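For this chain, numbers begin at 1 and follow the sequence in order. Bear in mind the structure is a predicted one, so any value in this text is a computation, not a measurement.
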Amino acid sequence: EVPDFWDEKNWARPYHFLQTVSKAQDDQPAVPEERPYLTDKVTSGFAYRRAVERSSLTRLAEGSFAGDDLQALLRCLYQALAVEGHFVAGVVTDTVEGWADGYWTVEHEPRHIRNSLVAVDPDQTARMIQGQEWATGPGVMIVLALDWAQVQSANQDVDQAYAAALIACGRIGHALVLEGQHHALRARMTPAVHESTAAGLFRFPEHVSPLYAIRLAKPNG
């Protein structure tokens, strides 16, 4: 049983949506859907040993982040957003070749990347992931966000949609990590996103909810 205090603080939400999802799966088991943006990464050029030995990003290499590496990550992201239609993404560019430092919004329909025109602030970038120090420096950060307007237009159950979104974050994040490995990048990720800060930096509308952040950069050594 969930303590009353947890309900007051809205900490009990995971219990509620998991109960709803569990019942829905009992009533009608989900049919697995293929996600080519992820399976392509696993079946093409996937190095099992390299994946197992992957280290989290700790120290950054000096110098700028390659523009070609960002383009590769954006292609991967567009592939994912084409399938996960309820998602949009924010991208932070920091010392990227050929790019201004900025906060960008990425959508698939219509396919575009748009600068939020908010001045880059390292303190605010760090605040977006609860002040964690690895937020800044040469590289990119990708913030995955759920578009609740798309969920509502599809008449989805809110709890099931939220649970499915968390699973989708894992799939998209895994695809980005694998893509990063092809370019000798390392990653670090967190669900500890400060929603109002992220929404302000990317100019997300109220119906877009940031869920997950992934940082990719060249490691020092």
Side-chain angles (χ1 to χ4, degrees), residues 35-84 87-108 111 113 115 120 122 124-126 128-145 167-193 198 201-202 210-221:
R35 295 297 194 276
Y37 67 83
L38 176 56
T39 54
D40 286 354
K41 300 289 186 302
V42 175
T43 58
S44 175
F46 177 71
Y48 173 77
R49 181 176 295 277
R50 184 173 58 182
V52 171
E53 293 177 347
R54 178 182 65 84
S55 299
S56 293
L57 178 66
T58 53
R59 292 179 295 177
L60 301 178
E62 296 180 359
S64 58
F65 185 88
D68 288 346
D69 290 346
L70 174 57
Q71 292 292 348
L73 293 172
L74 288 175
R75 283 194 296 271
C76 177
L77 186 57
Y78 276 125
Q79 289 173 344
L81 296 180
V83 177
E84 310 293 355
F87 276 83
V88 298
V91 177
V92 184
T93 52
D94 190 335
T95 322
V96 177
E97 293 175 353
W99 288 70
D101 291 351
Y103 305 105
W104 311 80
T105 300
V106 180
E107 296 178 349
H108 179 259
R111 178 169 174 163
I113 179 167
N115 193 309
V120 172
Q124 288 298 304
T125 301
M128 183 167 56
I129 57 170
Q130 309 296 343
Q132 298 182 73
E133 61 183 13
W134 49 268
T136 60
V140 300
M141 181 187 294
I142 297 172
V143 175
L144 303 175
I167 295 170
C169 279
R171 284 194 298 261
I172 299 172
H174 193 184
L176 289 166
V177 169
L178 292 177
E179 181 64 41
Q181 286 183 344
H182 291 311
H183 303 274
L185 305 177
R186 287 186 184 168
R188 198 162 180 179
M189 55 210 77
T190 180
V193 179
L201 295 178
F202 296 117
L211 297 178
Y212 204 75
I214 304 168
R215 178 113 164 93
L216 295 115
K218 287 280 188 182
N220 183 11

Practice prompt. State, to 0.1 Å, how close Ala126 and Ala135 come at their nearest heavy-atom pair, and which atoms those are.
Written response: CA-CB, 3.6 Å
Discussion item. Rounded at 0.5 Å granularity, tell me how far CE in Met128 sits from CG in Leu201.
Written reply: 5.5 Å
Worksheet, complete the sentence: In terms of heavy-atom contacts, Val120 and Tyr103 come closest through CA-CE1, 3.5 Å
Worksheet item: So which heavy atom on Ala187 is nearest to which on Ile214, and how close?
Response: CB-CG2, 4.4 Å
Practice prompt. Quick one: do Val177 and Met189 satisfy side chain to side chain contact (heavy atoms under 4.5 Å, CB included)? Show the steps, please.
Written response: CA-CA 10 Å; Val177 169; Met189 55 210 77; 3.5 Å; yes
Response to the item:
Closest non-hydrogen atoms of Thr93 and Ala100, given as atom of the first, atom of the second and distance, are OG1-O, 2.8 Å
Fill in: Val91 and Met141, any side-chain heavy atoms less than 4.5 Å apart
no
Worksheet entry | Partner residues of Ala82 under the side-chain contact (heavy atoms from CB on, under 4.5 Å) criterion, sequence neighbours left out | His108
Worksheet item: Any donor and acceptor pair, going by atom type alone, linking the side chain of Thr105 with main-chain N or O of Phe202 inside 3.5 Å?
Response: yes
Worksheet entry | Non-neighbouring partners of Asp94 that pass side-chain contact (heavy atoms from CB on, under 4.5 Å), sequence neighbours left out | Asp101, Thr136
Worksheet item: If you measure from CG on Leu216 to CZ on Arg186, what distance do you get to the nearest 0.5 Å?
Response: 12.5 Å
Discussion item. So, taking the atom named CH2 in Trp99 and the one named CG in Asn115, what distance separates them when rounded to the nearest 0.5 Å?
Written reply: 9.5 Å
Worksheet item: Closest approach of Leu176 and Cys76, non-hydrogen atoms and distance?
Response: CD2-SG, 3.9 Å
Discussion item. Donor-acceptor check, side chain of Arg215 to backbone of Trp134, threshold 3.5 angstrom: yes or no?
Written reply: yes
Discussion item. Please evaluate residues Glu84 and Arg171 with respect to the criterion side chain to side chain contact (heavy atoms under 4.5 Å, CB included), reporting the C-alpha separation (whole Å), side-chain torsions for both, the decisive distance (0.1 Å), and the verdict.
Written reply: CA-CA 10 Å; Glu84 310 293 355; Arg171 284 194 298 261; 3.1 Å; yes
Worksheet item: Where do Ala198 and Val193 come nearest, in terms of heavy atoms and distance?
Response: CB-CG1, 4.0 Å
Residues 60-74 side chain polar contacts: donor-acceptor under 3.5 Å, at least two apart:
| residue | atom | partner | partner atom | Å |
| --- | --- | --- | --- | --- |
| Ser64 | OG | Glu97 | OE2 | 3.2 |
| Asp69 | OD1 | His183 | ND1 | 3.4 |

Worksheet entry | Separation between CD1 of Ile172 and CG of Leu144, rounded to the nearest 0.5 Å | 5.0 Å
